[in-house]
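Keep in mind that what you see is a predicted model, and the values were worked out from it rather than measured.
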Amino acid sequence: YKGEGILRASPRDVWECIKPVAGGLRTKWDQNVKDFEVIEAVSDTVSICRTTTPSACMRIISPREFVDVVVMKQYEDGTMLSAATNVEHPLCPPHPDFVRGFNYPCGCFCIPVPGEPDRTELLTFFQTDLGGYLPQTVVDSFFPSSISGFYSNLTKAVKALKA
């Protein structure tokens, strides 16, 4: 799935809300992120992370956990990138209270809009196998509304950050 939108905020402010770091803002505004923890910091820009999600779709989708290698990068034009993909890690075996999901390569790009310092183009790519025994119709109905909610809630979070 791909999401795309222009936010009325600087790339720095958008990045502050979405960057994948322990104690970051994402758990406060993203309804699909219950907790985010760094299992191992490989370097300043690469880490092994565990993300948990709450139940969704009137509890048809039970809580999930994802373990990913995450890379963050800033480009010369000011674009900021967070990219991730599934990984197994000995310090993070499957937890019995969660269904282990699997992220294929995915990420977010915060792209400056030329000549408009208070606008950011945000591109998001999600390729997720939620795991468990979910009918494909449930998965297909969940992701579009989830992505729409992501952008809506992020817009509110950025406004609150700037206030």
Side-chain angles (χ1 to χ4, degrees), residues 1-5 7 13-74 79-110 120 122-158 160-161:
Y1 294 91
K2 175 184 172 186
E4 185 173 9
L7 286 88
D13 287 346
V14 173
W15 180 250
E16 188 63 31
C17 290
I18 68 168
K19 68 183 174 182
V21 294
L25 297 176
R26 185 104 179 240
T27 59
K28 294 173 178 48
W29 64 266
D30 189 339
Q31 64 193 16
N32 291 315
V33 177
K34 184 175 182 179
D35 193 27
F36 181 88
E37 61 183 304
V38 174
I39 303 300
E40 179 184 352
V42 178
S43 71
D44 288 347
T45 59
V46 177
S47 56
I48 309 299
C49 302
R50 177 178 180 258
T51 306
T52 60
T53 65
S55 61
C57 290
M58 300 184 303
R59 297 191 178 173
I60 293 172
I61 300 175
S62 57
R64 295 316 202 240
E65 69 176 345
F66 300 88
V67 179
D68 298 297
V69 59
V70 179
V71 64
M72 294 181 286
K73 182 172 174 86
Q74 182 166 355
T79 296
M80 288 165 268
L81 159 71
S82 157
T85 194
N86 180 76
V87 70
E88 291 185 25
H89 195 281
L91 296 178
C92 197
H95 192 282
D97 294 338
F98 296 91
V99 173
R100 178 65 60 97
F102 184 97
N103 284 323
Y104 293 95
C106 56
C108 297
F109 292 83
C110 291
T120 302
L122 181 64
L123 289 177
T124 55
F125 298 92
F126 301 97
Q127 297 185 85
T128 301
D129 177 349
L130 293 176
Y133 301 103
L134 291 171
Q136 191 61 40
T137 55
V138 171
V139 174
D140 291 343
S141 67
F142 170 73
F143 274 105
S145 62
S146 173
I147 293 169
S148 176
F150 173 89
Y151 277 83
S152 176
N153 291 333
L154 175 56
T155 298
K156 293 173 192 169
V158 169
L161 183 68

I want to check something: taking the side chain as every heavy atom from C-beta on, are P63 and S55 in contact at a cut-off of under 4.5 Å? yes
Close side-chain approach of L130 to V99, heavy-atom, < 4.5 Å: no
Using only atom types and a distance under 3.5 Å, with no angle test, would you say the side chain of [X] pairs donor to acceptor with the backbone of [Y]?
X    : Y    : result
Y151 : G3   : yes
R100 : V67  : no
D30  : R26  : no
Q127 : P105 : yes
N86  : D68  : no
E65  : H95  : yes
W15  : C110 : no
T52  : D35  : yes
S148 : P144 : no
T53  : R64  : yes

Side chain to side chain contact (heavy atoms under 4.5 Å, CB included) test vs F150 passes for just one of T155, N32, T124, namely T124
For atom CZ of F36, decide whether the heavy atoms of other residues, nucleotides or ligands shown that lie under 6.0 angstrom number more than 12. yes
Determine whether more than 12 heavy atoms belonging to other residues, nucleotides or ligands lie under 6.0 Å from atom CG of D97. yes
So which of D129, T128, T51 actually passes side-chain hydrogen bond (donor to acceptor under 3.5 Å, both in side chains) with N103? T128
Shortest non-hydrogen contact between A41 and S47, atoms and distance: CA-CB, 4.2 Å
How close do M72 and D44 get, heavy atom to heavy atom, and via which atoms? CE-O, 4.3 Å
So how far is it from [X] [atom1] to [Y] [atom2], rounded to the nearest 0.5 Å?
X    : Y    : atom1 : atom2 : answer
S62  : F98  : OG    : CZ    : 9.5 Å
S146 : Q31  : OG    : CD    : 6.5 Å
C49  : I39  : SG    : CD1   : 7.5 Å
D13  : L161 : CG    : CG    : 5.0 Å
F102 : F66  : CZ    : CZ    : 11.0 Å
C17  : K28  : SG    : NZ    : 11.0 Å

Stepwise side chain to side chain contact (heavy atoms under 4.5 Å, CB included) check, W29 with V158: CA-CA 10 Å; W29 64 266; V158 169; over 6 Å; no
Could you walk me through whether T85 and V69 pass the side chain to side chain contact (heavy atoms under 4.5 Å, CB included) test, one step at a time? CA-CA 6 Å; T85 194; V69 59; 3.8 Å; yes
Hey, mind stepping through K73 and T45 against side chain to side chain contact (heavy atoms under 4.5 Å, CB included) and telling me if it holds? CA-CA 7 Å; K73 182 172 174 86; T45 59; over 6 Å; no
